[in-house]
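Just below is one structure, and these are the notes that go with it.
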Amino acid sequence: MADQRSANDLSALLDDLAVGLADPDCDLDALHGMEEQLVAAQQTALIPRLEAHLEAALQAGNWYGRCVLARILAKTAGRVAPATLLRAHSRDLGDDQDDLTTTLSVFAREDPVAARSILVSWAEAPDNDPRRAAIWLLGYVPEPADLPLLMQAAQDPEERTRSTVVGTLGSHGKNPVAVDVLVGLLADPSTQVRVSALSSLGFLRQPGALPKIFRLADDSNTRIRAWVAIALGPV
């Protein structure tokens, strides 16, 4: 049941929380208590203010502030929140983002149509950070129609985008087009991209990919050789 306290009281509480989240010496227990009150309130009138404080945390590079405010926003806004949360997720602040990653993946799986309406356009955006985040999340709601977009992303000049697309291609399972793109990425100049491709292909176990994997068994890079052994090893 939604908390019936006044919007003014809750706005003041949210502002106090935002100040505390920006203070490295603030009492974490007190912050957690304020978070719980705001989550319990389910006050949708707070959404614009939450979004503003979340953006301020992103601009400040405050990963903990992002984590807490995104959690409150997700509980308050529900399925209205994914676009804002995805934009927040796309910013690399140095943390693992476990909570936000889980929240976004759950949203995508529960309402794939709504998720894809956001993700497909973002995955073609010129801004690398939101584009990469959208490509990642498309892996939770894969459709064959995504493959041309993913093929293009696999040729992106940015290594992180190419590495991200590997996982999304893997979500297409044994689709021959996806497997062919993964095999092509075994020749990528980036060690990380090749390792990711080996991992996905090792999981998929497609016979047609084996000759290309075998060719890397004598690679000069020890990581590549190790992942060849993993990809070819027993399940």
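Counting from 1, the numbers follow the sequence of the chain as shown.
Each of D146, L119, T164 was compared with I135 under the side chain to side chain contact (heavy atoms under 4.5 Å, CB included) criterion, and only T164 meets it.
Within the structure, no pair that satisfies the ring pair (Phe, Tyr, Trp, His ring centres under 6.0 Å) test touches residues 151-170, not counting sequence neighbours. Counting only residues at least two apart or in different chains, ring pair (Phe, Tyr, Trp, His ring centres under 6.0 Å) contacts with residues 94-152 comprise H89-W136, W136-Y140. Residue pairs meeting the ring pair (Phe, Tyr, Trp, His ring centres under 6.0 Å) criterion with at least one member in residues 40-64, sequence neighbours excluded, do not occur.
Going from atom CD1 of I213 over to atom CD1 of I224 covers 11.5 Å, rounded to the nearest 0.5 Å.
Evaluation of the side chain to side chain contact (heavy atoms under 4.5 Å, CB included) rule for D23 yields D25, C26 as partners, not counting sequence neighbours. In this structure E158 satisfies the side chain to side chain donor-acceptor pair (under 3.5 Å) test together with R132, T161, sequence neighbours excluded. Taking the ring pair (Phe, Tyr, Trp, His ring centres under 6.0 Å) definition, one finds that H172 meets it with nothing, sequence neighbours left out.
Residue D96 places its CG atom among more than 12 non-hydrogen atoms of other residues, nucleotides or ligands, all under 6.0 Å distant.
Formation of a donor-acceptor pair under 3.5 Å by the R225 side chain with backbone atoms of A217 is not found in this model.
With hydrogens and angles left out, the side-chain atoms of R223 and Q192 include a donor and acceptor closer than 3.5 Å. With 3.5 Å as the limit, one finds no donor-acceptor pair spanning the side chains of T102 and D99.
Taking every heavy atom of both residues into account, V165 and A154 meet most closely at CG1-CA, 3.9 Å.
Residues I230 and L232 share a hydrophobic cluster, clusters being chains of Ile/Leu/Val/Met/Phe/Trp/Tyr side chains in contact below 4.5 Å.
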